[in-house]
Amino acid sequence: MQGNRILSKEFFEMSADNLAISLLGKTLVRNIDGQITRYLIAETECYMGVLDTGCQAHRGKTPKTSVLWERGGTLYVHLIYGLYYMLNIIAGKEGDPMGVLIRGVKGIKGPGRLTRALEIGKDFNRENLLLSERIWIEDTGLIPLYKKTPRIGIDYADDIDRNQLWRFVAYDYL
DNA sequence: GTAACGATCCTC
DNA sequence: AGGATCGTTACA
């Protein structure tokens with residue numbers, strides 16, 4: 001299984017909570033001018049659509065957030081605090097605005113530091129993981145052991161959504 | 001126009 | 001605890 005590119009669109013069509021867990025232990029692959037580097041995904045968060053007050057889709061479709069309604073496997077890259085890019089993978093079928101934030105990989109903690117290290121900017125917005133030549137996901141066969149916690153940095157969400165255990169942190173792999 | 005606000009990170 | 005830094009959004 002090592003190194004197999006996940007090409008099935010069905011993988012990315014699962015709901016964002018299941019996708020966030022399924023991405024733990026998978027490999028994020030980045031191709032920079034032929035230099036291919038692989039990163040083991042270690043930390044994710046899910047954003048569950050219009051009913052999730054922590055999800056940008058909750059405030060309605062805008063030019064910026066319309067990409068959330070794209071099909072699973074599409075990338076959503078957005079700038080936060082004018083400084084850092086957040087890397088998200090859209091989950092579910094077209095029209096279902098759920099996403100998974102990649103918060104960290106092995107050796108790189110923090111979503112802002114991750115995109116900076118992998119040279120992922122706004123030009124990756126709307127990229128399709130199933131078609132891209134510069135970024136994709138590979139299977140590993142690894143089974144992650146992980147803990148669940150509330151999501152980070154969403155104080156604006158209501159109590160219920162702020163306390164949902166929608167952040168997933170891998171601490172080992174079998 | 002204008003102002004407020006971030007799915008962060010680093011330094012003090 | 002506070003500052004950096006800027007695109008998006010809502011509202012006048």
Side-chain angles (χ1 to χ4, degrees), chain A residues 12-26 28 30 37 39-129 132 135-137 144 146-171:
Chain A
F12 297 103
E13 284 180 346
M14 69 176 102
S15 63
D17 49 352
N18 287 322
L19 182 62
I21 293 168
S22 298
L23 282 170
L24 295 175
K26 299 294 189 296
L28 177 63
R30 177 76 171 96
T37 313
Y39 302 89
L40 193 63
I41 297 175
E43 181 179 342
T44 58
E45 279 178 0
C46 63
Y47 290 83
M48 297 298 287
V50 292
L51 297 180
D52 173 10
T53 58
C55 181
Q56 294 178 5
H58 176 254
R59 302 173 205 196
K61 189 184 285 190
T62 68
K64 174 182 177 177
T65 63
S66 63
V67 61
L68 290 168
W69 277 260
E70 291 292 330
R71 75 189 62 205
T74 305
L75 294 187
Y76 171 43
V77 179
H78 87 273
L79 182 67
I80 191 64
Y81 301 117
L83 291 167
Y84 303 100
Y85 289 102
M86 300 289 100
L87 173 62
N88 295 262
I89 300 173
I90 302 304
K93 297 191 175 183
E94 185 174 356
D96 203 351
M98 303 184 294
V100 175
L101 170 66
I102 308 300
R103 286 196 62 88
V105 297
K106 185 177 182 182
I108 305 175
K109 294 179 178 178
R113 298 180 64 192
L114 170 67
T115 53
R116 189 161 284 187
L118 302 207
E119 299 181 35
I120 293 170
K122 62 182 178 184
D123 56 313
F124 279 73
N125 196 33
R126 295 182 178 276
E127 188 101 341
N128 188 329
L129 276 181
S132 178
I135 186 170
W136 63 91
I137 305 281
Y146 62 92
K147 62 180 179 181
K148 304 179 184 183
T149 84
R151 292 172 291 181
I152 306 295
I154 54 161
D155 292 345
Y156 51 82
D158 69 23
D159 285 348
I160 292 178
D161 291 327
R162 206 171 45 243
N163 291 316
Q164 293 275 15
L165 301 181
W166 282 344
R167 171 175 174 246
F168 309 95
V169 185
Y171 57 85

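Hydrogens, waters and symmetry mates play no part in the numbers below; they use all other heavy atoms, side chains included. Below, chain A is the first sequence line, B the second, and so on; all start at residue 1.
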Can you tabulate the close N/O pairs, meaning under 3.5 Å, that link protein atoms to atoms of nucleotides 9-12 of chain C?
residue: C:dT9; atom: OP1; partner: A:Thr62; partner atom: OG1; Å: 2.1
residue: C:dT9; atom: OP1; partner: A:Lys64; partner atom: N; Å: 3.3

Heavy-atom pair with the smallest gap, counting every atom of [X] and [Y]:
X: A:Asp52; Y: A:Arg151; result: OD2-NH1, 2.7 Å
X: A:Ile120; Y: A:Arg30; result: CG1-NE, 4.1 Å
X: A:Val77; Y: A:Gly121; result: CG1-O, 3.4 Å
X: A:Val50; Y: A:Pro97; result: CG1-CG, 3.9 Å
X: A:Glu43; Y: A:Arg167; result: OE2-NE, 2.8 Å
X: A:Ala170; Y: A:Pro144; result: CB-CB, 4.5 Å

Could you give the distance from CD1 (A:Ile102) to OH (A:Tyr39), rounded to the nearest 0.5 Å?
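These two atoms lie 14.0 Å from each other.
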Name the closest nucleotide to the [X] side chain, picking from [options].
X: A:Arg113; options: C:dG7, B:dC10, B:dA7; answer: B:dC10
X: A:Tyr81; options: C:dG7, B:dC10, B:dT8; answer: B:dT8
X: A:Leu79; options: C:dT5, B:dG6, C:dC6; answer: C:dC6

Is the CZ atom of A:Arg162 crowded by more than 12 outside heavy atoms at less than 6.0 Å?
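Yes.
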For the backbone of A:Arg126 and the side chain of A:Glu70, can you confirm whether one donor and one acceptor N or O come within less than 3.5 Å of each other?
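Side chain of A:Glu70 to backbone of A:Arg126: no pair is present.
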Quick one: does any side-chain atom of A:Ser132 pair with a main-chain N or O of A:Leu129 as donor and acceptor, under 3.5 Å?
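No, the answer is negative, given that no donor and acceptor are paired below the 3.5 Å cut-off.
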In whole angstrom, what separates [X]'s [atom1] from [N]'s [atom2]?
X: A:Leu68; N: B:dA7; atom1: CG; atom2: P; result: 12 Å
X: A:Ile80; N: B:dC10; atom1: CD1; atom2: P; result: 16 Å
X: A:Leu83; N: B:dC5; atom1: CG; atom2: C1'; result: 13 Å
X: A:Tyr84; N: C:dT5; atom1: OH; atom2: P; result: 10 Å
X: A:Lys122; N: C:dC6; atom1: NZ; atom2: P; result: 11 Å
X: A:Arg151; N: B:dT8; atom1: CZ; atom2: P; result: 12 Å
X: A:Asn125; N: C:dT8; atom1: CG; atom2: C1'; result: 13 Å
X: A:Ile90; N: B:dA7; atom1: CD1; atom2: C1'; result: 13 Å

Listed once per pair and sorted, the side-chain hydrogen bond (donor to acceptor under 3.5 Å, both in side chains) pairs that draw on residues 109-124 of chain A, sequence neighbours left out
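Sorted result for residues 109-124 of chain A: A:Asp123-A:Arg134.
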Identify whether any heavy atom of A:Gly112 sits under 4.0 Å from a base atom; if not, whether one sits that close to sugar-phosphate; answer base, sugar-phosphate or nothing.
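Sugar-phosphate contact only - A:Gly112 comes under 4.0 Å of backbone atoms but never of a base.
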Pairwise side-chain contact, A:Leu114 with A:Val105, heavy-atom cut-off 4.5 Å (strictly under):
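With C-beta onward as the side chain, the pair touches.
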Side chains of A:Asn88 and A:Val100: closer than 4.5 Å at any heavy-atom pair?
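A:Asn88 does not reach A:Val100 side chain to side chain.
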With sequence neighbours excluded, tell me which residues meet side chain to side chain contact (heavy atoms under 4.5 Å, CB included) with A:Gln56.
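Partners of A:Gln56 under the side chain to side chain contact (heavy atoms under 4.5 Å, CB included) test: A:Lys64, A:Thr65, A:Leu68, A:Tyr76, A:His78.
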Pull out every residue in residues 103-110 of chain A that has a heavy atom closer than 4.0 Å to any atom of DNA chain B, ordered by number, or say none.
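The answer is A:Arg103, A:Gly110.
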Please list, in numerical order, the residues of residues 154-169 of chain A that have a heavy atom closer than 4.0 Å to any atom of DNA chain B.
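The stretch gives A:Ile154, A:Tyr156 as the residues lying under 4.0 Å from the strand, ordered by number.
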Could you spell out the base pairing of DNA chain B in dot-bracket, with Watson-Crick or G-U pairs whose two distances are under 3.5 Å, [ ] crossing and | to another strand?
||||||.||||.
